[in-house]
Amino acid sequence: MLQWFKHAFAVEPPGEAEPDDEARPVVERLCREVVRRRMTTPALLALESSRPLNFVGSQVIHFFSPLVNAVTDARGHEHLARFLEHRGSFDWMCRRIEELDAETNADRDSGPRPES
């Protein structure tokens, strides 16, 4: 009984949460879409400012799951919701968006320059 009580209020250790094999394509697609639309700064601002609410956000996705399932048969939202339940999920997403943005900017800067 004492052993159970010792872990009754345990939380995940701080740091990044790595998406599992099912969630990775969904989260990666989301991050790439943010960068493709050049929404890196607003997305990072939104993620950083709502960091304490990541679990609440995941529960909202679970709540609307029946409605989404009625419209589409994709299961990506469930994988995304499970990933967002982890404490460090926003850290991973912020880092990945920054990496993709840096790659995109490097490609843009190294592209051919118009001649004058």
Side-chain angles (χ1 to χ4, degrees):
M1 180 73 161
L2 188 57
Q3 189 67 12
W4 173 86
F5 191 70
K6 180 179 176 183
H7 298 289
F9 301 103
V11 293
E12 293 178 349
E16 285 187 7
E18 197 71 27
D20 61 11
D21 291 338
E22 294 174 323
R24 185 174 300 275
V26 176
V27 178
E28 184 73 22
R29 186 172 53 233
L30 178 65
C31 293
R32 286 186 184 279
E33 197 61 28
V34 165
V35 173
R36 186 184 74 78
R37 294 175 186 255
R38 297 185 181 186
M39 298 293 291
T40 300
T41 302
L44 291 175
L45 181 64
L47 286 170
E48 292 290 343
S49 64
S50 61
R51 182 182 303 272
L53 301 175
N54 69 318
F55 186 77
V56 174
S58 72
Q59 297 309 298
V60 168
I61 294 172
H62 283 304
F63 178 79
F64 285 111
S65 189
L67 180 64
V68 173
N69 285 337
V71 177
T72 180
D73 60 354
R75 309 297 279 179
H77 64 281
E78 292 176 5
H79 302 305
L80 178 63
R82 272 187 297 167
F83 174 62
L84 291 178
E85 289 175 358
H86 298 287
R87 184 175 250 190
S89 60
F90 278 17
D91 293 329
W92 190 90
M93 288 177 65
C94 287
R95 182 185 55 77
R96 187 63 184 138
I97 289 171
E98 289 171 346
E99 287 173 355
L100 291 169
D101 189 54
E103 290 173 12
T104 302
N105 288 336
D107 290 344
R108 242 183 250 134
D109 292 343
S110 67
R113 305 232 177 210
E115 294 183 28
S116 313

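The figures that follow rest on heavy atoms only: side chains count, while hydrogens, waters and symmetry mates do not. Residue numbers count from 1 along this sequence.
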Less than 4.5 Å apart, side chain to side chain, heavy atoms only: is that true for L84 and L80?
yes
Heavy atoms only: give me the nearest S89-A17 pair and the separation to one decimal.
N-CB, 3.8 Å
Write down the atom of W92, the atom of P19, and the distance for their closest heavy-atom approach.
CE2-CD, 3.6 Å
Between E33 and R29, does the salt bridge (charged side-chain N to carboxylate O under 4.0 Å, His left out) criterion hold? Intermediate values first, please.
CA-CA 6 Å; E33 197 61 28; R29 186 172 53 233; over 6 Å; no
Any salt bridge between R95 and E98, counting N to O under 4.0 Å?
no
Linking I/L/V/M/F/W/Y whenever any side-chain heavy atoms sit under 4.5 Å apart, do V68 and F83 land together?
no
Just so I know, are the side chains of R96 and M93 near enough to count as touching, which here means a heavy-atom distance under 4.5 Å?
no
Please tell me if the side chains of T104 and R36 come closer than 4.5 Å, counting only heavy atoms from C-beta onward.
no
Nearest 0.5 angstrom please: C31 SG to R24 CZ, how far?
10.5 Å
Applying salt bridge (charged side-chain N to carboxylate O under 4.0 Å, His left out), run through E28 and R32 and close with a yes or a no.
CA-CA 6 Å; E28 184 73 22; R32 286 186 184 279; 3.2 Å; yes
Between the NE2 atom in H62 and the CD atom in E85, the distance rounded to the nearest 0.5 Å is 4.0 Å
Should L67 and V60 be regarded as members of a common hydrophobic cluster, given that ILVMFWY residues are connected when their side-chain heavy atoms come within less than 4.5 Å of each other, either directly or indirectly?
yes
N54 and H86, any side-chain heavy atoms less than 4.5 Å apart
no
CG of L100 to CG of N105: how many Å apart, nearest 0.5 Å?
11.0 Å
When rounded to the nearest 0.5 angstrom, what distance separates CG in D91 from CD in E18?
11.5 Å
Between A81 and S58, what is the shortest heavy-atom contact and its length?
O-CB, 3.2 Å
Taking the side chain as every heavy atom from C-beta outward, state whether Q59 and V56 have any pair of such atoms under 4.5 Å apart.
no
Between D101 (side chain only) and V35 (backbone N and O only), is there a donor and an acceptor less than 3.5 Å apart?
no
Mind checking the CG-CZ spacing from N69 to R75? Nearest 0.5 Å is all I need.
5.0 Å
